[in-house]
Amino acid sequence: MNTQGVEMSPHHTASPGITGAHVHAPGPRGYDRRAQDGGNGAARAALVLGVIGLSTSVVLVGGLLGAVGLVLGLVALRTARRTGVGRGRAVAGVVTSALAIAVSITAAFFLVWYANKTQDCYRPDSFQQYKQCVHDQFNGN
């Protein structure tokens, strides 16, 4: 025990007042602390882009974010295979990015379908006439 009441091993070289002297030293289970913090930045970026892309995919912006997230996720999977860090985040990033792309494509399809179905209604005098025209188009009148 030293003068500050901290028990130290006989082979300890850092002074007791310095904290974080061995920031990248293995932890109790042999983990590297960088690995515990999620050292695969591409995996984190893919997950963030996938989630944002999925939440904005209805307005078609999410498809672009999903495409970037998908590429980053695949790169992160490759990195995770080599380093063993960030595989879960990379897989989640790939899945959410792929879903964002699929939802954006589906939304674009329905937007084009709706525009085609209601193309005769684009010159109404009022919103009420537009609603009536759309209603008539979908009911086959």
Side-chain angles (χ1 to χ4, degrees), residues 1-2 4-141:
M1 216 181 279
N2 65 8
Q4 296 176 348
V6 176
E7 197 169 312
M8 296 178 63
S9 70
H11 302 291
H12 189 73
T13 58
S15 68
I18 298 175
T19 58
H22 299 289
V23 174
H24 299 295
R29 294 188 201 154
Y31 288 101
D32 186 352
R33 287 204 179 143
R34 287 177 292 177
Q36 290 176 349
D37 294 340
N40 193 340
R44 182 177 291 140
L47 181 58
V48 168
L49 285 173
V51 169
I52 293 172
L54 190 56
S55 65
T56 60
S57 59
V58 176
V59 290
L60 307 178
V61 175
L64 298 174
L65 294 174
V68 174
L70 185 63
V71 170
L72 281 174
L74 294 174
V75 169
L77 277 175
R78 200 173 218 189
T79 303
R81 190 175 302 134
R82 190 178 64 240
T83 64
V85 176
R87 184 170 176 2
R89 282 186 183 151
V91 169
V94 167
V95 169
T96 55
S97 296
L99 285 172
I101 293 168
V103 171
S104 289
I105 289 171
T106 304
F109 172 78
F110 280 116
L111 181 67
V112 169
W113 174 80
Y114 180 81
N116 186 39
K117 187 82 171 162
T118 61
Q119 66 185 350
D120 293 337
C121 304
Y122 289 146
R123 296 190 190 142
D125 294 331
S126 68
F127 184 69
Q128 186 64 28
Q129 284 180 341
Y130 174 77
K131 279 179 35 179
Q132 186 61 41
C133 181
V134 170
H135 185 271
D136 292 343
Q137 290 296 321
F138 282 107
N139 287 333
N141 296 341

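Excluded from the calculations below are hydrogen atoms, water molecules and symmetry mates; all remaining heavy atoms, backbone and side chain alike, are included.
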To the nearest 0.5 Å, tell me how far [X] [atom1] sits from [Y] [atom2].
{"X": "Arg78", "Y": "Arg82", "atom1": "CZ", "atom2": "CZ", "result": "9.0 Å"}
{"X": "Tyr130", "Y": "Thr118", "atom1": "OH", "atom2": "OG1", "result": "4.5 Å"}
{"X": "Ile101", "Y": "Thr106", "atom1": "CD1", "atom2": "OG1", "result": "11.5 Å"}
{"X": "Arg44", "Y": "Arg89", "atom1": "CZ", "atom2": "CZ", "result": "4.5 Å"}
{"X": "Cys133", "Y": "Gln128", "atom1": "SG", "atom2": "CD", "result": "12.0 Å"}
{"X": "Leu72", "Y": "Thr79", "atom1": "CG", "atom2": "OG1", "result": "10.0 Å"}

Can you see which heavy atom on [X] is nearest to which on [Y], and at what distance?
{"X": "Ser104", "Y": "Gly62", "answer": "OG-C, 3.6 Å"}
{"X": "Ser57", "Y": "Val103", "answer": "OG-CG1, 3.0 Å"}
{"X": "Ala107", "Y": "Val58", "answer": "CB-O, 3.8 Å"}
{"X": "Asn40", "Y": "Gly86", "answer": "CB-CA, 4.1 Å"}
{"X": "Ala100", "Y": "Leu54", "answer": "CB-N, 3.4 Å"}
{"X": "Cys121", "Y": "Val134", "answer": "SG-N, 3.6 Å"}

**OP:** Using atom types as modelled and distance alone, determine if a side-chain donor or acceptor of Ser55 lies under 3.5 Å from a backbone N or O of Ile52.
**Re:**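 It does hold such a pair.
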
Subject >> Partner set under side chain to side chain contact (heavy atoms under 4.5 Å, CB included) for Arg87, not counting sequence neighbours >> reply: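 If we apply the side chain to side chain contact (heavy atoms under 4.5 Å, CB included) test to Arg87, skipping adjacent residues, the hits are Leu77, Ala80, Val91.
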
Original post:
Excluding sequence neighbours, so at least two apart, what forms side chain to side chain contact (heavy atoms under 4.5 Å, CB included) with Val59?
Top reply: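 Checked Val59 against side chain to side chain contact (heavy atoms under 4.5 Å, CB included); matches are Thr56, Val61.
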
Check whether any side-chain heavy atom of [X] sits under 4.5 Å from a side-chain heavy atom of [Y], and report yes or no.
{"X": "Leu60", "Y": "Leu111", "answer": "yes"}
{"X": "Phe109", "Y": "Tyr114", "answer": "no"}
{"X": "Val68", "Y": "Leu64", "answer": "no"}

